[in-house]
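Index from 1, following the sequence. Hydrogens, waters and symmetry mates are skipped; everything else that's a heavy atom, side chains included, is used.
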Amino acid sequence: MANVCENNLYVYSENKKNIEIVKKFFEDWSYDGSADIEGDSESLQIYFSSKWTFPRLEMEKLHELIPDKDDIYMRCLSYEFGELYHDLLVDDGNGWESV
């Protein structure tokens, strides 16, 4: 059985299309279960699981889908207690970077 990584994603954008794209992406999330989505037209809080670590390839696909990269801020805290893994990543429109 794979270790499950918990991910807590915060998204902020004044561009409603950006928010709609992110919401749709996670409504269709099937990488490792479903996602819990909370928020409004400017910000979202999304809780989802992945295997072992932050799902970088999938999140890079999300980054590519964002139409207005000048108006997006996303941060994700990922952690998995079994291996003591943790990472805080930020995408401010330039791609995902660990901070």
Inset, instruction - Using only heavy-atom distances, determine whether the side chains of Ser78 and Asp87 contain a donor-acceptor pair under 3.5 Å. - result: no

**Message:** Could you check whether any side-chain heavy atom of Cys76 comes within less than 4.5 Å of a side-chain heavy atom of Asn8, counting everything from C-beta outward?
**Reply:** no

Rounded to the nearest 0.5 angstrom, the CG-OG distance for Asp70 and Ser13 is 10.0 Å

query: Quick one: does Lys51's side chain get under 4.5 Å of Asn3's, heavy atoms only?
result: no

Is it the case that the side chain of Glu80 and the backbone of Gly82 share a donor-acceptor pair, with hydrogens and angles ignored and the cut-off at 3.5 Å? yes

Scanning both residues in full, the closest heavy-atom pair of Ser98 with Arg56 reads OG-NH2, 4.2 Å

- Task: Evaluate side chain to side chain contact (heavy atoms under 4.5 Å, CB included) for Tyr47 paired with Glu6, printing each intermediate quantity in order.
- Result: CA-CA 7 Å; Tyr47 305 93; Glu6 299 299 328; over 6 Å; no

Output for pair (Gln45 CD, Asp36 CG), nearest 0.5 Å, gives 11.0 Å

With no hydrogens and no angle check, just 3.5 Å: does a side-chain donor-acceptor pair link Asn15 and Asp68? yes

- prompt: Is there side-chain contact between Phe26 and Leu62, with heavy atoms separated by less than 4.5 Å?
  reply: yes

In this structure, CD of Glu64 is separated from CD1 of Ile21 (nearest 0.5 Å) by 12.5 Å

ask   = Under a 4.5 Å cut-off applied to non-hydrogen side-chain atoms, are Phe54 and Cys5 in contact?
value = no

The reported gap from CG in Asp71 to CD in Glu42 (rounded to nearest 0.5 angstrom) is 9.0 Å

May I ask you to decide if Asp92's main-chain N or O and Lys69's side chain share a donor-acceptor pair within less than 3.5 Å? no

Of all heavy-atom pairs linking His63 and Trp96, the shortest is CB-NE1, 4.2 Å

For Lys23 and Ile37, the nearest pair of non-hydrogen atoms, with its separation, is O-CD1, 3.8 Å

Across all chains, not counting sequence neighbours, the side-chain contact (heavy atoms from CB on, under 4.5 Å) partners of Arg75 are Tyr10, Tyr73, Val90

Assess, by modelled atom type and distance only, whether the side chains of Asn7 and Ser49 contain a donor and an acceptor separated by less than 3.5 Å. no

Value for CG (Asn18) from OH (Tyr12), rounded to nearest 0.5 Å, stands at 11.5 Å

*Transitively linked via ILVMFWY side-chain contacts under 4.5 Å: Val11 with Leu88?*
no

Residue set satisfying side-chain contact (heavy atoms from CB on, under 4.5 Å) with Asp28, at least two apart, ordered chain then number -> Lys24

- Message: I'd like to check Ile46 versus Val22 (side-chain heavy atoms, cut-off strictly below 4.5 Å). Are they in contact?
- Response: yes

Sorted by chain and number, sequence neighbours left out, ring pair (Phe, Tyr, Trp, His ring centres under 6.0 Å) with Tyr79 holds for Phe81

### Message
Parallel, tilted or perpendicular, judged at 30° and 60°: which one describes the rings of Phe48 and Trp29?
### Response
perpendicular

